[in-house]
Amino acid sequence: MSEAAPPPEAASQALRLQAVSAHYQGQSVTKPALADVTLAVQPGERVLIAGPNGAGKSTLLRIAAGLMRPSAGGVWLHGVEPRRARQVIGYLAHATLLYDELTAQENLLFAATLYGVPEPGARVETMLRQVGLSSRADSRVDTLSRGQQQRVALARALVHRPAVLLLDEPDTGLDAAAFDLLEELVRDAESTVLLATHDLQAGARLCQRTVVLTDGRVSHHATSGPLDARDIERHVRGAAASA
Amino acid sequence: MTANRPRYLRQLRALLWKEALVESRSRETVLAAVIFALLILVIFSFAFDLRVDQAAAVAPGVLWVTFSFAGDIALGRTFARERDRRTLDVLLLAPVDRSAIYLAKLAAVVATMLLVEIVAVPASIGLFNLRVDGPRLALSLGLGTLGFAGVGTLLAAVTAHTRAREALLPLLLFPLQVPVILATVKSTAAAIQVPGGEAADAGSWLALLAGFDVLFLGLSVLLFDYAIADD
């Protein structure tokens, strides 16, 4: 995917985006989805990606996941292109990406097998217990509520113990208790996390630093200290006003 | 694939299992294709009022028009369903050799087309009053189906990314399929016995068909990674 060689420090970083730009088909070249975004995330770090609608948060996560090619720049996970690092990526989007015709257990078993998880049956049972859906293991996904589906999707994203977790508005359809569960599972996973969400308070609780995107560009980058949701909100509102 | 064959086979088995479960529970592709095929056959049988020897001449073409259109339905659904529900992302995210995804999708399309043929061939025998050489017909249909589905699955992956995929797929598919359809119709015709006529030799057509199958399947496996490429 990335034509350029990674910078030397990329090997020790969980995720490195170097001068990444992205355009969608038919989109104006002067207003790209992402423009010259550079970001380095250390192993174990949790980073909040904030910004108004259309700022480029989902595009950034899709590029980091290897689901989309950047039109310029490079992306590396532990020094390797995303396409060669699929084993270490966990991805949870606001769409659940589940097969409606399969049960919760079958969806997880399918994912566990594709990722080569040892003893997949036991791992799937554990994940279903952790997301509180053991009793619905044999239910078809299309009979579950939206929140339950999102919990199955979270279990699928974590089933192979990913080193890098990319969460694109994972709170969609989740009530407060379910989001607490998500927070707990993400903390326990000890993965590197990139979280895009509009729930800035939850994001500030979970993450250690924040990046605010505006019109595909990094407009604010808080690198140290505890995150203050009101402060992030101020930057996001400012970004939305300037967009 | 060769580096880790057991893992590749486990992944391929999981992909086949998923295809079978999804289709067996939704039945949307198989049912649509079978009903469509039967409708075409009934329309042809009413449209032509043929003597037995004339029917034998027309039947191979009628059969392959039917199978091609039914196959087009199966091909159109195979990636469109994944694309519409965004489950294609799950496949693209997983550390799976793309050829395994291709082979699982190919198997699903071939299975659907074979089910259509299992229903449509006896129906056409009844409607057109045909006498067929069963083993030769089965060989012809098998090779033809594999060739049709082989290149069709590749093109279905390409067109799944486009908005006008339902219109685009047959436009790309049918010109490419001309050699396969030609060889299949000829070898199918040789398996249908004409009263008073001599059995035709289909050996060269079957060999040609097998050659196309090998060529198209090989190319499709190699090109699939580009066809299924991301946004």
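Here is how names work: the chains are called A, B, and so on, in the same order as the sequence lines, proteins then strands, and each is numbered from 1.
- Each of A:Leu102, A:Asn107, A:Thr113 has some count of heavy-atom pairs under 4.5 Å with chain B, and the biggest count is that of A:Leu102.
- Comparing B:Arg13, B:Arg85, B:Arg10, B:Arg81 by heavy-atom pairs within less than 4.5 Å of chain A, the highest count is held by B:Arg85.
- Contacts of B:Leu15 with chain A are made by both backbone and side-chain atoms, with heavy-atom separations under 4.5 Å.
- A tilted orientation is assigned to the rings of B:Phe36 and B:Phe69, their planes being inclined by 30° to 60°.
- Contacts between A:Arg84 and chain B at a heavy-atom distance below 4.5 Å are absent for every atom of the residue.
- B:Asp89 and A:Arg62 are joined by a salt bridge, as a carboxylate oxygen and a charged side-chain nitrogen come within less than 4.0 angstrom of each other.
- With a 4.5 angstrom heavy-atom cutoff, B:Arg86 touches chain A via backbone and side-chain atoms both.
- Taking the six-membered ring where the residue is Trp, the centroids of A:Phe110 and A:Tyr99 are separated by under 6.0 Å.
- Proximity of a side-chain donor or acceptor of A:Arg86 to a complementary backbone N or O of B:Leu92 within less than 3.5 Å is detected.
- Between A:Arg129 and A:Glu125 there is no salt bridge, since none of the side-chain N atoms of the basic residue sits less than 4.0 Å from a carboxylate O of the acidic one.
- With a 4.5 Å cut-off on non-hydrogen atoms, B:Glu23 does not touch chain A at all.
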